[in-house]
Amino acid sequence: MDKTFNVAVIVGSLRKDSINRRLALALIDLAPTSLKLDIVEIGQMPIYNQDEDASPPAAWAAFRERIKSADAVLFVTPEHNRSVPAALKNAIDVGSRPYGASVWSGKPGAVVSASPGAIGGFGANHHLRQSLVFLNVPAMAQPEVYLGAADKLFDPNGKLVSDGTRKFLQGFMKSYTAWISANVR
Ligand code: FNR
């Protein structure tokens, strides 16, 4: 039987009606059955402060454990001011510390970005990739996913309106599964 991989899905938006959360749910829906994907929430975590490493807030400890137990990490994020939203950067920072105990290292990753704007969160996508290089997360290079005009992707029930987009995202999840399989530790 094929192995099942646990994937932590991190959504960069905290918004209730987030396009990116909807997109994350669509990706979960389209994934091959060999992936078990769960959204790991990031909005409850206090801002990282090194002073608190000795006695970390419970929300940091829970997040670190959750990522540690995952085989892989999938980021689905909007762009804020041409970079990653602060909540996502905070999650990256929390997971990277204390020094020498990063929970990210070696987890096969992928980055998806979406925006109502034309360039689909390209800036956020690539700023995130810069951090992932430092954190030793092997991030899948292709296919890239920058979804522009993303406010038009879903109908009011959260379903993708375009068959073309559905097929593209399905192909992306298939490639990501192969990436995980080839790089998992
Ligand atoms: C944005 N937005 C935005 N969009 C973009 O394409 N490039 C950008 O640099 C920014 N910057 C930005 C900053 C801040 C503080 C906010 C709140 C918003 C717009 C953004 O793409 C839009 O609000 C999306 O709907 C956010 O994604 P979610 O929350 O729907 O997933």
Side-chain angles (χ1 to χ4, degrees), residues 7-31 35-49 59-60 62-63 66-67 70 72-96 104 107-135 137 139-173 175-176:
V7 183
V9 181
I10 298 176
V11 177
S13 172
L14 305 184
R15 211 162 70 81
K16 186 162 46 69
D17 292 327
S18 161
I19 297 165
N20 284 275
R21 179 171 289 266
R22 229 172 275 168
L23 179 56
L25 294 173
L27 290 166
I28 290 171
D29 221 34
L30 293 170
L35 297 190
K36 186 183 172 304
L37 301 109
D38 292 296
I39 294 179
V40 178
E41 301 297 341
I42 61 173
Q44 74 291 5
M45 286 196 284
I47 295 283
Y48 180 72
N49 177 345
W60 293 2
F63 179 75
R66 187 61 196 74
I67 300 300
V73 284
L74 170 63
F75 297 91
V76 185
T77 188
E79 176 175 271
H80 280 182
N81 300 310
R82 294 287 182 261
S83 186
V84 290
L88 175 53
K89 184 57 164 61
N90 187 49
I92 295 283
D93 293 345
V94 167
S96 73
W104 302 112
K107 311 262 179 200
V111 181
V112 168
S113 57
S115 165
I119 58 174
F122 174 89
N125 191 307
H126 279 255
H127 274 187
L128 179 54
R129 286 173 186 274
Q130 181 171 321
S131 293
L132 297 182
V133 169
F134 180 66
L135 293 167
V137 170
M140 185 170 73
Q142 293 287 347
E144 298 162 282
V145 183
Y146 317 102
L147 292 170
D151 51 330
K152 298 178 183 66
L153 283 178
F154 297 98
D155 71 13
N157 299 316
K159 296 280 167 228
L160 285 163
V161 295
S162 154
D163 280 345
T165 306
R166 186 177 303 106
K167 279 194 191 115
F168 171 63
L169 294 176
Q170 205 159 26
F172 169 81
M173 290 308 288
S175 297
Y176 183 41

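Read the numbers this way: they start at 1 and go in the same order the structure lists the ligands and their atoms. Residues: numbered from 1 along the sequence shown.
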By chain and number, the residues contacting ligand 1 below 4.0 angstrom (heavy atoms only) are S13, R15, S18, I19, N20, P78, E79, H80, N81, R82, S115, P116
Rounded to the nearest 0.5 Å, how far does [atom2] of [Y] lie from [atom1] of [X]?
X: Y48; Y: D93; atom1: OH; atom2: CG; result: 8.0 Å
X: I10; Y: N20; atom1: CD1; atom2: CG; result: 13.5 Å
X: L132; Y: F75; atom1: CG; atom2: CZ; result: 5.0 Å

Under the side-chain hydrogen bond (donor to acceptor under 3.5 Å, both in side chains) test, residues paired with S18 that sit two or more places apart: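 Counting only residues at least two positions away or on another chain, S18 forms a side-chain hydrogen bond (donor to acceptor under 3.5 Å, both in side chains) with S13.
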Heavy-atom side-chain proximity of L88 to H80 below 4.5 angstrom: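 No, too far: nothing below the 4.5 Å cut-off.
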Before we go on, tell me: are the rings of Y146 and H126 under 6.0 Å apart, centre to centre? yes
